[in-house]
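What follows is a set of notes on a single structure, which appears directly below.
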Amino acid sequence: MVLNEAIDRYLGELRRANRSLETLRSYRATLDGFSEFVGTSYQDVAELTKEQCERYLDRWTNSAPATICQRHTALKGFFGFLRRNRLIIENPLEFIPRPRRQKPDDLDVITVSSDEMRRLLEACHTRREVLCISILAYTGA
């Protein structure tokens, strides 16, 4: 099976599994990027290599850990799908470890001053925007 057809079938499986539209969009972008990186969308999926996967993932080494994890997770799910459906014999991603995500406690917290909050409220154009910002301010989120 060729790569583009396999990507479409995998995304169809994700849609049937009721994955969110954001997940589908994100996985589509990652897998289409992989297809472009490999150089031909008509390559047989059985010919994909671990080296191609590593080189594709290396494009994001300077990105945020969450971005790297998302790319790895999308590829891992795709190759798992190919393996489950016996379209490949070996999973080229099997021995490429998933990077660790930062713990929520280790992330930087961005605070908004009272002056910045006032400017946010002044920038609102609709009642809905005022309510959204007000709720965030009130709850401290």
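In what follows, residues are counted from 1 in the order of the sequence shown. No hydrogens, no waters, no symmetry mates; every other heavy atom, side chains included, goes into these values.
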Worksheet entry | Carboxylate-amine/guanidinium proximity below 4.0 Å for Arg28 and Asp8 | yes
Fill in: Cluster link Phe95 to Phe34, ILVMFWY, side chain under 4.5 Å
no
Practice prompt. Please round to the nearest 0.5 Å and tell me the distance separating atom CG of Leu75 and atom CG of Leu31.
Written response: 6.0 Å
Discussion item. For the CZ atom of Arg119 and the CD1 atom of Ile133, what is their distance to the nearest 0.5 Å?
Written reply: 13.0 Å
Item to complete: Could you give me the CA-CA distance, side-chain angles and deciding distance for Phe78 and Tyr27, then say whether side-chain contact (heavy atoms from CB on, under 4.5 Å) is met?
Response: CA-CA 9 Å; Phe78 175 64; Tyr27 279 34; over 6 Å; no
Fill in: Shortest non-hydrogen contact from Leu14 toward Leu24
CB-CD2, 3.6 Å
Worksheet item: What is the distance from atom OG of Ser35 to atom CD1 of Ile7, rounded to the nearest 0.5 Å?
Response: 4.5 Å
Worksheet item: Are any non-hydrogen side-chain atoms of Thr49 and Pro92 less than 4.5 angstrom apart?
Response: no
Fill in: Test log, rule side-chain contact (heavy atoms from CB on, under 4.5 Å), inputs Leu3 and Leu48
CA-CA 9 Å; Leu3 183 55; Leu48 296 171; 3.9 Å; yes
Fill in: Asn62 atom CG: more than 12 heavy-atom contacts under 6.0 Å
no
Practice prompt. Could you pull out the closest heavy-atom pair between Cys53 and Ile96, with the gap in Å?
Written response: CB-CD1, 3.9 Å
Worksheet item: Under the side-chain contact (heavy atoms from CB on, under 4.5 Å) criterion, do Leu93 and His72 qualify, and how do the steps go?
Response: CA-CA 9 Å; Leu93 221 63; His72 190 278; 4.2 Å; yes
Worksheet item: What is the minimum heavy-atom distance between Arg16 and Arg9, and which atoms define it?
Response: NH2-O, 4.5 Å
Worksheet item: Just by modelled atom types, is the Cys69 backbone N or O under 3.5 Å from a matching donor or acceptor in the Thr73 side chain?
Response: yes
Practice prompt. Apply the side chain to side chain donor-acceptor pair (under 3.5 Å) test between Ser26 and each candidate in Arg19, Arg71, Gln70; give the one that qualifies.
Written response: Gln70
Response to the item:
Contacts satisfying salt bridge (charged side-chain N to carboxylate O under 4.0 Å, His left out) that involve residues 53-67 (not counting sequence neighbours) are Lys50-Glu54
Discussion item. Let me confirm one number: the OG-CG distance from Ser113 to Leu120, rounded to the nearest 0.5 Å.
Written reply: 9.0 Å
Worksheet item: Taking a hydrophobic cluster as the set of Ile, Leu, Val, Met, Phe, Trp and Tyr residues connected by side-chain heavy atoms closer than 4.5 Å, whether directly or through intermediates, do Leu131 and Leu136 fall within one such cluster?
Response: no
Discussion item. Tell me whether Arg118 is salt-bridged to Glu122, with the criterion being a basic N under 4.0 Å from an acidic carboxylate O.
Written reply: yes
Worksheet item: Which atom names give the shortest non-hydrogen contact between Met117 and Ala137, and what distance separates them?
Response: SD-CB, 3.7 Å
Worksheet, complete the sentence: Applying salt bridge (Lys or Arg N to Asp or Glu O under 4.0 Å) to Arg83 and not counting sequence neighbours gives none
Practice prompt. To the nearest 0.5 Å, tell me how far Gln52 CD sits from Leu57 CG.
Written response: 12.0 Å
Response to the item:
The reported gap from CG in Asn91 to CZ in Phe79 (rounded to nearest 0.5 angstrom) is 7.0 Å
Discussion item. Taking Ile89 as the starting point, is it possible to reach Val45 by hopping between hydrophobic residues whose side chains are less than 4.5 Å apart?
Written reply: no
Worksheet item: What do the steps show when you test Thr30 against Tyr56 for side-chain contact (heavy atoms from CB on, under 4.5 Å), and what is the final call?
Response: CA-CA 10 Å; Thr30 297; Tyr56 179 68; 3.9 Å; yes
